[in-house]
Amino acid sequence: MRQAIGYIIVLLCFPLIWILYSFIHSEILTASEFKEDLKGAIPLNPPAITSPIVLLDKDKVIFSEDYIEWRDPLPLESIPLFVQEVLIQSEDVEFYNHIGFDFSAIFRAVFANAAANSSNQGASTITQQLVRLRYLSTEKTYERKVTELVYAYEMEKQSNKDEILENYLNEIYFSNKVYGIGAAATYYFGKPLNALTEAQQVFISAIPNNPSVYNPLKNFEATKKRQELLIDILVKNDKISTEHGNMLKNEPIVLQTKTKTQLYPVYSTYVLDELKSLISISEGFQEKIESASNEQQAVFHKNELQTRVNEVISQGLVVHTALDPNKQKEDVSYIDNLLKNTKDLQAASVVINNETREIVSMFGGRDYRKFDFNRANQAVRQPGSALKPLLVYGPVFEMTSLTPNNEISGGKLCIASYCPQNYGGAVYGNVSLKQAFRFSHNTPAVRLLQTVGIEEAFAKLDQFQFNHLIEGDHTYPAALGGLTNGVTTLEMADAYTSFIDGMYKPAHAIRKVTNKNGDTLYEWKEEKMEVWSPKTVNIMRDLLSDVVVNGTGKGINVRSSYVGAKTGTTNDFYDYWITGLTDTYTVAVWIGYDMPKNMKPIESKKIHHKIFNQIMN
């Protein structure tokens, strides 16, 4: 009875509907004369869409992906004609003929809704659906529909059909935070769209009609039934034969759902930090921040930088890195297992390839999870005697005529109120520079810094990337690694690469950053510079090697024709360091507690030596 009344009402209203149609048609024709005015009133700009950022290892294999929405936009020419036809036949068969909306479809919907006394029946064209996706709500009211018609008409004026179809196919929702037909292919079947079978293409094309109902992960059978319905539509409209349709229906559908790749979290976390620095330096933000006249101006430029970084990342990036996945996995596994035998002890390490000066492995803390505090590049700790080769001995041999065989006093020393002591309070007579280095005597190091001059020594140190040094560090305690803030493990490994051959170039994880088309957007531009003469390099390498054989580095055992290292221990045994190099790698290792406490009870275990031995191989 209710349905019959609905039909009677429609018949009685038909003359009114026809008048309304004539009025709307007339208004649209009039509106076309004011195209520019309408264009200004309704600016149909594409929405901001966040695309994935993908990280590749040294072999160009994906090891990390970051995205909230999975998208893989494709140009229309890369989308198979078959799948284009499926969606046109099922969603908007008159797509290439209408002006943004289809009057005949609207009338059919009006009749159906009146008969059912509801507004659930749609009549949306592909253009209208794109408008709704971008600009309007999904509520089903006649008021919203009128707005949708106006927007759809204007979109057709501002864009051609191919542009609209391409945008639609790349923006429609496929459930599970998947947007676009290309992304649906890689998400549900693990293959690019053009590698899917026709049956698979129709299957994913079934989802957008109602992504909740046709979510194949929850309602596979419902999705399969709609796939078969779409196949029937293709047969009915003579797009494929009945035999072909039956073959598509009978093809088994097996999903291979994509999972977000999130390997090697400490390395990927660092890469994203380095990416920010790369953008900052490449686009001049770093210079603005450093030259800011006050803190407020510096904060402003830092906020500008973060906005720019977010903008760049949202466009979708491929970051090519130097990660050695096998080494990273082995190093992290070993150190994590080693630390399990201790309570709360932490560690950090960085491994740099000598030939390329690239970071190939990193450890940032036990049981590290992505975006945790990264002790490799964020923990600023006192370096102790590990700084002596860079601030004292390197400058001594570079800037004076002294040699390792020259002698210097190891006795008591006071400079004004500063009275450093050797380890254990020991007092020595004259010792050779080689012996002082071998056993890391303190008073000789301070005397040598006096000889070189504090400012001259720091001028050499300033060639490296120590970002936490301040003017107040220019004092004699620095000879023993006594700094206001300290250094990071990455900074120490980075600086020690200068002892490979006297040349220095900042170590990085990122090789280049490209867009998904392979165009290079960013890459590091630094060139190597000489910081130590060949004479100094030869002396320092001999001294570092002697430490391993005869000095504080005993216990280091690495398979390499050359091994050199320097240890460091800070006041109250708060920090233990080993920094050194082999033929292949330069490495820095730190162990300590996040809340510093005395590690003397575990000194004999030589945990930092064990880590060094492992990650150097």
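For this chain, numbers begin at 1 and follow the sequence in order. What you see below is based on every heavy atom in this structure, not just the backbone, and it leaves out hydrogens, waters and symmetry mates.
Taking the charged nitrogens against the carboxylate oxygens, E65 and K258 do have a contact shorter than 4.0 Å, which makes a salt bridge. Classification of K370 and D66 as a salt-bridged pair holds, one side-chain N sitting under 4.0 Å from a carboxylate O. By the 4.0 Å N-to-carboxylate-O rule, R226 lies too far from E228 to be salt-bridged with it. Using a cutoff of 4.0 Å between basic side-chain nitrogens and carboxylate oxygens, E171 and R71 are not scored as salt-bridged. Between E311 and R308, at least one side-chain nitrogen of the basic residue sits less than 4.0 Å from a carboxylate oxygen of the acidic one, meeting the salt-bridge criterion.
Using modelled atom types, one finds no donor on one side chain facing an acceptor on the other under 3.5 Å when comparing S124 with Q129.
Qualifying side chain to side chain contact (heavy atoms under 4.5 Å, CB included) partners for V271, counting only residues two or more places apart in sequence or in other chains: L55, Y267, V319, T321, A509, I510. K327 is linked by a salt bridge (Lys or Arg N to Asp or Glu O under 4.0 Å) to D331, counting only residues two or more places apart in sequence or in another chain. In this structure D324 satisfies the salt bridge (Lys or Arg N to Asp or Glu O under 4.0 Å) test with no other residue, sequence neighbours excluded. Partners of Y67 under the ring pair (Phe, Tyr, Trp, His ring centres under 6.0 Å) rule, at least two apart in sequence or in another chain, are W70. Residues meeting the salt bridge (Lys or Arg N to Asp or Glu O under 4.0 Å) test with D594, sequence neighbours left out: R375. With sequence neighbours excluded, no residue forms a salt bridge (Lys or Arg N to Asp or Glu O under 4.0 Å) with D57.
More than 12 heavy atoms of other residues, nucleotides or ligands shown are found within 6.0 angstrom of CD on E77. More than 12 heavy atoms of other residues, nucleotides or ligands lie within 6.0 Å of NZ in K260, so this atom counts as buried by the packing criterion. Crowding of F373 atom CZ: a count of heavy atoms from other residues, nucleotides or ligands under 6.0 Å exceeding 12.
A cation-pi contact, defined as under 6.0 Å to the ring centre and within 45° of the axis, is absent between K302 and F285.
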